[in-house]
K.L.:
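What follows is a structure written as C-alpha cells; I'll ask about it next.
All values derive from a computational prediction rather than experimental measurement.
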Amino acid sequence: MNRRSILRITAALLLVLSATGSAAPREPVAAQQLPVFPAKTPPMGWNSWNTFGCDIAEATVRRAAAALVRSGMRDAGYRNVVVDDCWYEPQRDTAGNLRADRARFPSGMAALGDYLHSRGLRFGLYMSPNVRTCAQFTGAYPGSTGSGDRELGDARTFAAWGVDYLKYDWCHGAGSTRTARAASTTMRDALAATGRPITYSINPNSNFPGAPGETESWRGVAHLARSTEDIQPVWDTGHTNEHPMGVRNIIEVLSGLPDRPAPGYWNDPDMLEVGVHDVNGHPGLNHEEARTHLSMWAMFAAPLIAGNDPSRMSPADHDLLTNPEVLAVDQDPLGHAAHRVTGGDHQVWTRPLQQGTAVALYNRSDQPARISTTPAELRLPPGDHGIRNLWTGHHYRTTDPISADVPAHGTVLLRIDSARR
Ligand code: GAL
C-alpha cells in the first residue's frame, strides 16, 4: 500500500471515528489525534454571498482577497476565502465534470486557488448535495449542477483545484433529516478520500422542513453546521427559525442548541453582516448591533466568516472585525460555547476561557439599560476580580457586582481575568 492510500484511509477513518464519537459531546478531541482535521478553532474567513449574491466574478474575489491582505483581516485570522453560489457553468461538461463559469471566471478555479494560496489565503467553494444549488432551486441562476450522486468525482475536482474549504448547502424544500445526514456524510467521505484536508461546512437548515440545524447535532458529519436559517443585515425579523433572520433572532435560537461545540465541531449561526449595507433594501446593522453580532458570535465560538466588501470597509467596521481581544475569545483553544446565566431583555452570558472567563452583558431591548451580575452568579470564587472591557480596553478591579450601562441592542463584552481570595 503506498503512502497516499494510507493517508486516504487514515483520513476516512478519522472522520468516521469523529462521527461515532458523538456520544461524548463535552470532551474536546486532542489536536494531535486528528492530524488531518483542519478545524481546531472556529474557521474564519470571508464569503461572497452576503454582499455580492450571484453577482460574482474572479475579479470580485481577487479584489476582496487583496483587501483582506491589505487591511490586516487575513493576519487577524480571516483566511478562508469562500466563493459562494453561482460560480459554475449552468451545466456540467460532457464528461460530467463541474466547471467554472467561463465568462466570469475566465482563468478557471485552479488559477483562482493559486492566486489565493500565493497570498496566504485558503480557497473555499460552494456546492449542494441535491440536483440543484440553492440559486438554481430558487430560480435565481439557471441549470442544475448539484453534487447528488456525483460526490466522488466532484470532491476530486475540488481537490485538484486546490480547494481547502467546501460549503455544502442542502437548500431543498423536501427531504428528511436522515436523507440530509446521508447526503452530507457521503460528501464528507468523498472529501476524506481525496487525502486533502478540506474544511467541511454544511448547511442542513436552508429551505428544510423542520429546520434540523436547530434540533440535531451534526458533530462528526462536518466541521461546522448551520444552526439557523439565512441571516440578513437586520436586527429583528420576528422569525424564530425561518428565512430571513436577524441577529437578535439567531441569538434566541443559539441559547437552546442540542449540542455544544468543541475543537473539531462548531455550530454555525451564519456569516457576519458587519459592514453589509443596502442589501434587499436593508440599511444594515447599526454600530451597537454590529458589536452585539460579533460579541455574541465570539461567545458562541462561532465561525467568523465576514460577509462585507472588504475593499470598501469603513474604519469602524474594520476595528470591529479585527479587535484582537474579541477574536481571541472566539478562537479560545478550549472551544467552549457560552451559556446564558439570565434571560429576558437584559441578559448575562458566560464562557470559560483557557485563561479567565468571558462575560457578555447583552441588552436585547430597544432602551438603554444597566445590566449587572455577580461573581456568584458567574460561578466565580468570591474576592477581587480583574475586569477588562474588550471593546474599550478599560480595565479595573472589583470585589463588587459587575455592572455596565448597555445601549439598546448593544453588548458589553468583558473578560474576567483573575480572582484572588
Ligand atoms: C442559501 C445559504 C446561503 C447562500 C445561498 C446561496 O441556502 O443559506 O448562505 O449560500 O444559499 O444560494
K.L.:
Within the 3.5 Å criterion, strictly below it, is a donor on D384 or T399 matched to an acceptor on the partner's side chain?
P.N.:
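Result is no, nothing qualifies.
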K.L.:
A side-chain contact here means heavy atoms from C-beta on lying under 4.5 Å apart; do N308 and L272 qualify?
P.N.:
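Result no, sub-4.5 Å side-chain heavy-atom pair not found.
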K.L.:
Suppose the criterion is salt bridge (Lys or Arg N to Asp or Glu O under 4.0 Å): which pairs have a residue in residues 286-312, not counting sequence neighbours?
P.N.:
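Passing the test, one end in residues 286-312: no pairs.
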K.L.:
Regarding Y88 and D85, is there a side-chain donor-to-acceptor distance under 3.5 Å anywhere?
P.N.:
yes
K.L.:
Does any donor atom in the side chain of Q347 or W349 lie under 3.5 Å from an acceptor atom in the other side chain?
P.N.:
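Distance-only check passes for Q347 and W349.
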K.L.:
Please check if any side-chain donor atom of N80 sits under 3.5 Å from a side-chain acceptor atom of R122, or the reverse.
P.N.:
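N80 vs R122: donor-acceptor pair found between side chains.
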K.L.:
Tell me whether E325 is salt-bridged to R415, with the criterion being a basic N under 4.0 Å from an acidic carboxylate O.
P.N.:
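Counted as a salt bridge, because a side-chain N and a carboxylate O are separated by less than 4.0 Å.
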K.L.:
Could you label the plane-to-plane angle of the F137 and H172 rings as parallel, tilted or perpendicular, counting under 30° as parallel and over 60° as perpendicular?
P.N.:
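If you compare the ring of F137 with that of H172, the planes turn out tilted.
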K.L.:
With a sphere of 6.0 Å drawn around CZ of R132, does it hold more than 12 non-hydrogen atoms of other residues, nucleotides or ligands?
P.N.:
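No, CZ of R132 has 12 or fewer neighbouring heavy atoms, counting only those of other groups under 6.0 Å.
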K.L.:
Name the orientation class of the two ring planes belonging to Y200 and Y168 (parallel below 30°, tilted from 30 to 60°, perpendicular beyond 60°).
P.N.:
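Because their plane-to-plane angle lies in the 30° to 60° range, the rings of Y200 and Y168 count as tilted.
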K.L.:
Assess the side chains of D345 and S365: does a donor N or O sit below 3.5 Å from an acceptor N or O?
P.N.:
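On atom types as modelled, these side chains do not qualify, holding no pair under 3.5 Å.
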K.L.:
Look at K167 together with D84 and state whether they make a salt bridge at an N to O cut-off of under 4.0 Å.
P.N.:
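Counted as a salt bridge, because a side-chain N and a carboxylate O are separated by less than 4.0 Å.
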